[in-house]
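To keep things clear, I will list the structure first and then write my remarks on it.
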Amino acid sequence: MPETPKVWQRAKLLNRYYDKVGMAAAGIGRCPRFVEFRAGFGLVDEYSPSEPELQDIPPDMQEIPGEFYRGFVDVSYSAGVALCKCEIPQGAVGAPVRHNLIGIFDDEGDLIAVCSTLPDWVTPTEVYRAFPAITFPREEESTDGDE
């Protein structure tokens with residue numbers, strides 16, 4: 001039996017995002033924009049420290065556990081994927097900090113997407129860059145001309 005590949009990253013649009021888009025479609029409010037990221041640590045099972053496992057991202061998360069940094073996110077979009085560039089500058093932390101979560105917040109301060117990765121370290125002496133890729137669910141287009 002083939003071995004199941006290790007999950008090293010999870011990314012999810014939260015229910016709050018879909019609610020806001022649905023309300024905007026009904027003329028209530030507007031579509032959310034990715035504006036800020038917050039870095040933290042959590043949603044990882046380290047029962048076996050040499051083999052950490054990512055936990056599922058709850059669809060109703062409100063905040064990022066272990067938050068230690070906030071910054072603006074630079075976003076690009078192509079073919080159903082929003083690529084978020086999140087940069088923590090050199091000197092932003094006073095001592096090494098464990099890190100594995102990036103929360104994406106909208107212009108109203110609401111958490112609307114989360115990306116988790118295997119644990120890493122942010123250090124005072126280096127710039128840390130993360131590139132969460134948030135996939136927007138899309139159906140494949142028909143290639144045989146049928147509609």
- prompt: Where do Met61 and Leu43 come nearest, in terms of heavy atoms and distance?
  reply: SD-CD1, 3.7 Å
- request: Supply the atom-to-atom distance Arg33 CZ to Ile112 CD1, rounded to the nearest 0.5 angstrom.
  value: 10.5 Å
ILVMFWY cluster, Val44 and Ile57 together (side-chain gap under 4.5 Å): no
- prompt: If you look at every heavy atom in Leu54 and Thr117, which pair is closest and at what distance?
  reply: CD2-O, 3.3 Å
task: Evaluate the side-chain proximity of Ile104 to Val73: yes if any heavy-atom separation is below 4.5 Å, no if none is.
output: yes
query: So, the side chain of Tyr18 versus the backbone of Val21: is there a donor-acceptor pair under 3.5 Å, distance only?
result: no
query: Yes or no on side-chain contact (heavy atoms from CB on, under 4.5 Å) for Leu14 and Asp60, after CA distance, side-chain angles and deciding distance?
result: CA-CA 6 Å; Leu14 302 180; Asp60 60 347; over 6 Å; no
query: Atom SG of Cys86 and atom CZ of Arg38: how far apart are they, to the nearest 0.5 Å?
result: 12.5 Å
Nearest heavy atoms of Thr135 and Leu13, plus distance in Å: O-CD1, 4.0 Å
message: Within the structure provided, determine whether Phe136 and Tyr17 are in side-chain contact (heavy-atom separation under 4.5 Å).
response: yes
- request: Kindly compute the distance separating CD (Gln90) from CD (Glu126), expressed to the nearest 0.5 Å.
  value: 8.0 Å
task: Using a strict 4.0 Å threshold on nitrogen-to-oxygen distance, state whether Glu46 and Arg98 make a salt bridge.
output: yes
task: Answer yes or no: is there a donor N or O on one side and an acceptor on the other, between the side chain of Asp106 and the main chain of Val35, under 3.5 Å?
output: no
query: Hey, do the aromatic rings of Phe72 and Phe105 have their centres closer than 6.0 Å?
result: no
message: Ignoring hydrogens, what is the shortest heavy-atom contact between Gly103 and Leu111? Give both atom names and the distance.
response: CA-CD1, 3.7 Å
task: Run the salt-bridge test on Lys20 and Asp110 with the 4.0 Å N-O cut-off and return the result as yes or no.
output: yes
task: Starting at CD1 of Ile134, measure out to SG of Cys115 and round the result to the nearest 0.5 Å.
output: 6.0 Å
- prompt: Between atom CZ of Arg10 and atom CG of Leu101, what is the distance when rounded to the nearest 0.5 Å?
  reply: 12.0 Å
message: Looking at every non-hydrogen atom in both residues, tell me the closest pair between Val127 and Glu87 and how far apart they are.
response: CG1-CG, 3.6 Å
field: Ile64 reachable from Val75 in the ILVMFWY side-chain graph, under 4.5 Å edges
entry: no
message: Below 30° counts as parallel, above 60° as perpendicular, anything between as tilted: where do the rings of Tyr69 and Phe37 land?
response: tilted
- prompt: Are Val114 and Phe34 co-members of a hydrophobic cluster defined by side-chain heavy atoms under 4.5 Å apart?
  reply: no
query: If you count the non-hydrogen atoms of other residues, nucleotides and ligands that lie under 6.0 Å from CD in Gln9, is the total more than 12?
result: yes
query: Using links of under 4.5 Å between side-chain heavy atoms of ILVMFWY residues, direct or through other members, which residues join Trp121 in one cluster?
result: none
task: Salt-bridge test for Asp107 and Arg30: reply yes if a basic N is under 4.0 Å from a carboxylate O, no otherwise.
output: yes
message: Testing the basics here: between Pro65 and Gly42, what is the closest heavy-atom pair and its distance to 0.1 Å?
response: CG-CA, 4.3 Å
message: Nearest 0.5 angstrom please: Ser116 OG to Phe41 CZ, how far?
response: 10.5 Å
field: Side chains of Phe68 and Val122 in contact at under 4.5 Å (non-hydrogen atoms)
entry: yes
